[in-house]
Undergrad: 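The structure is given below, and queries will be raised subsequently.
Since the model is a prediction, treat every value here as computed from it, not as a measurement.
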Amino acid sequence: MYAEWASRLDGAVVWTNTPSGSGPGRVLPDGCMDLLWHEGRLLVAGPDTRAYVTEGAPTAWAGVRFPPGTAPGLLGVPARELLDRRVELADLWPAAEVRRLTARVNAAADPASGLEEVALRRAADVGPADPLLRHVADALDAGRPVAATADEIGLGARQLHRRCLAAFGYGPKTLARVLRLQRALGLARGGVPYAETAVRAGFADQAHLARDVRELAGVPLTELLGRG
């Protein structure tokens, strides 16, 4: 069973997941990066360009999902270096520090609350995220064109692309595409008909929506939503 709630860290989400089925899980691209706990280990999930399919027997996970563009500042590594990857936190931070943090998380009342404390302390140490990056993510999530977003923040296309690679792991057009998919899924899961979902989310038509879902999620929309 999956559950999530707002974190005390601004814009972040704390979540837990204990899969009930025996098949593989499917994590969809969302423009975010996560700090993860799994079987007593701390890991980092980088930004995805396609669905990440979990393997092996279903086991419990916990995580803190950071808003788009904020995790690289907390982790000290450009997002592009973690694109489509899951890595041990010890690959990014000193091993002694990770052992100490892992012990703290494992000793917490539950892994999710332990992870949130790690994220809060780290955020206090490194300071607030670049507001320009938040503006980029918010504008693209609202469906603003990439060119208009670049004009709003006073950056040229190449400058924006470089900043996005470091902050989000990919360029603004890919980020916009990923966020558009998430908008569409939110509408469709709320019962909005597919054709209307496509228009409201910013797709050319329902066929365009179907192509993007298959390319980014790896399965047709009806299967993804359990309506097949």
Undergrad: Does a salt bridge link R177 with E215, judged by any charged N lying under 4.0 Å from a carboxylate O?
TA: yes
Undergrad: Would R80 and Y170 count as a cation-pi pair here, with the cationic atom under 6.0 angstrom from the ring centre and within 45° of the axis?
TA: no
Undergrad: For residues V178 and V136: do they belong to one hydrophobic cluster (side chain heavy atoms under 4.5 Å, members Ile, Leu, Val, Met, Phe, Trp, Tyr)?
TA: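 Shared cluster, yes.
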Undergrad: Test of understanding: clusters of I, L, V, M, F, W, Y form through side-chain heavy atoms closer than 4.5 Å, transitively. Do V87 and L101 belong to the same one?
TA: yes
Undergrad: Kindly say whether A201 contributes a backbone atom to a donor-acceptor pair with the side chain of R183 at under 3.5 angstrom?
TA: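 Yes: the side chain of R183 pairs with the backbone of A201.
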Undergrad: Is any side-chain N of the basic residue among D130 and R163 closer than 4.0 Å to the acidic one's carboxylate O?
TA: yes
Undergrad: So do C164 and P172 actually touch side chain to side chain, heavy atoms under 4.5 Å?
TA: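 Touching, per the 4.5 Å side-chain cut-off.
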Undergrad: Would you give the length of the straight line joining atom CZ of R99 to atom CG of L42, rounded to the nearest 0.5 angstrom?
TA: 12.5 Å
Undergrad: Among D30, D212, D141, which residue satisfies the salt bridge (Lys or Arg N to Asp or Glu O under 4.0 Å) criterion with R180?
TA: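 It is D212; the other options fail the test.
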Undergrad: Could you tell me whether the side chain of R104 and the main chain of R100 form a donor-acceptor pair under 3.5 Å?
TA: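 No, the answer is negative, given that no donor and acceptor are paired below the 3.5 Å cut-off.
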Undergrad: Under 3.5 Å, side chain of R50 to main-chain N/O of L216, donor-acceptor pair present?
TA: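 Between the backbone of L216 and the side chain of R50 there is no qualifying donor-acceptor contact (under 3.5 Å).
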Undergrad: Return yes if some donor-acceptor pair links the side-chain N/O of T197 with the main-chain N/O of P193 below 3.5 Å, else return no.
TA: yes
Undergrad: How close do E152 and A139 get, counting heavy atoms only, and between which atoms?
TA: OE1-CB, 4.3 Å
Undergrad: List in chain and number order the residues that pass ring pair (Phe, Tyr, Trp, His ring centres under 6.0 Å) with H135, two or more places apart in sequence or in another chain; answer none if no residue qualifies.
TA: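 Counting only residues at least two positions away or on another chain, H135 forms no ring pair (Phe, Tyr, Trp, His ring centres under 6.0 Å).
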Undergrad: Do you reckon L165 sits in the same ILVMFWY cluster as L160, going by side-chain contacts under 4.5 Å, direct or chained?
TA: no
Undergrad: Is R121 paired with E116 through a side-chain N to carboxylate O contact shorter than 4.0 Å?
TA: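 Here E116 does not pair with R121 in a salt bridge, since their nearest N and O are not under 4.0 Å apart.
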Undergrad: Does the distance from a Lys or Arg side-chain N to an Asp or Glu carboxylate O, for E196 and R200, drop under 4.0 Å?
TA: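 Yes, E196 and R200 are salt-bridged.
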Undergrad: Just wondering, are more than 12 heavy atoms of other shown residues or ligands nearer than 6.0 Å to CZ in R214?
TA: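 Open.
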Undergrad: Is it the case that the side chain of R134 and the backbone of A129 share a donor-acceptor pair, with hydrogens and angles ignored and the cut-off at 3.5 Å?
TA: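 Not at all, since once roles are kept as given, no pair shorter than 3.5 Å links the two residues.
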Undergrad: Locate the shortest heavy-atom distance separating P68 from A137; write the atom from each residue and the value.
TA: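 That would be CB-CB, 4.1 Å.
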Undergrad: Is there a donor-acceptor contact under 3.5 Å from the side chain of T54 to the main chain of G25?
TA: yes
Undergrad: Measure from NZ or CZ of R86 to the centre of the six-membered ring of Y52, then state whether that distance is under 6.0 Å and the direction lies within 45° of the axis.
TA: yes
Undergrad: Nearest heavy-atom pair of G114 and A108: which atoms, and what distance?
TA: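 Nearest heavy atoms, G114 then A108: CA-CB, 3.7 Å.
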Undergrad: Below 4.5 Å, heavy atoms only, C-beta onward: do T174 and F168 meet side chain to side chain?
TA: no
Undergrad: Could you tell me whether the side chain of W37 and the main chain of L43 form a donor-acceptor pair under 3.5 Å?
TA: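 A pair under 3.5 Å: no.
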Undergrad: Would you say L82 ends up clustered with L74 if hydrophobic residues are merged whenever their side chains have heavy atoms under 4.5 Å apart, either directly or through other cluster members?
TA: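 Hydrophobic grouping puts L74 with L82.
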Undergrad: Where do L9 and A123 come nearest, in terms of heavy atoms and distance?
TA: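 Shortest heavy-atom contact: CD1-CB, 3.5 Å.
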Undergrad: Do M1 and N17 come within less than 4.5 Å of each other through their side chains, counting heavy atoms only?
TA: no
Undergrad: Over 60° means perpendicular and under 30° means parallel, so classify the ring planes of W61 and H38, tilted if in between.
TA: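 Parallel.
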Undergrad: Show the numbers, then the answer: is there a side-chain contact (heavy atoms from CB on, under 4.5 Å) between T102 and R41?
TA: CA-CA 7 Å; T102 301; R41 299 152 47 223; 5.9 Å; no
Undergrad: Assess whether a salt bridge exists between D151 and R144, defined as any Lys/Arg side-chain N lying under 4.0 Å from an Asp/Glu carboxylate O.
TA: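 No, D151 and R144 are not salt-bridged.
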Undergrad: Between Y2 and T18, is a side-chain contact (heavy atoms from CB on, under 4.5 Å) present by the stated rule, with each step listed?
TA: CA-CA 6 Å; Y2 177 83; T18 304; over 6 Å; no
Undergrad: Looking at D10, I want to see if its CG is surrounded by more than 12 non-hydrogen atoms of other residues, nucleotides or ligands under 6.0 Å.
TA: no
Undergrad: Linking I/L/V/M/F/W/Y whenever their side-chain heavy atoms sit closer than 4.5 Å, directly or via other members, would V98 and L92 fall into one cluster?
TA: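 V98 clusters together with L92.
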Undergrad: For a quick test of reading the model, state the closest non-hydrogen atom pair linking P29 to D48 and the distance between them.
TA: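 Looks like CB-O, 3.4 Å.
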Undergrad: The test is side-chain contact (heavy atoms from CB on, under 4.5 Å); show your working for L221 and L185 and say whether it passes.
TA: CA-CA 9 Å; L221 181 59; L185 293 178; 3.9 Å; yes
Undergrad: Do L115 and W15 come close enough that some side-chain heavy atom pair is under 4.5 Å?
TA: no
Undergrad: Would you mind reporting whether S7 and V14 have side-chain heavy atoms less than 4.5 Å apart?
TA: yes
Undergrad: Using 0.5 Å steps for rounding, measure from the CZ atom of R122 to the CG atom of L120.
TA: 13.5 Å
Undergrad: Are any side-chain N or O atoms of D34 and backbone N or O atoms of L36, one a donor and one an acceptor, separated by less than 3.5 Å?
TA: no
Undergrad: Please step through side-chain contact (heavy atoms from CB on, under 4.5 Å) for the pair L224 and R26, ending with a clear verdict.
TA: CA-CA 9 Å; L224 186 64; R26 187 175 299 274; 4.3 Å; yes
Undergrad: Just verifying a value: how many Å separate L75 CG and F66 CZ, rounded to the nearest 0.5 Å?
TA: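 Here the rounded value is 6.0 Å.
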Undergrad: How far apart are the closest heavy atoms of G40 and N106, and which atoms are they?
TA: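 Shortest heavy-atom contact: O-ND2, 3.3 Å.
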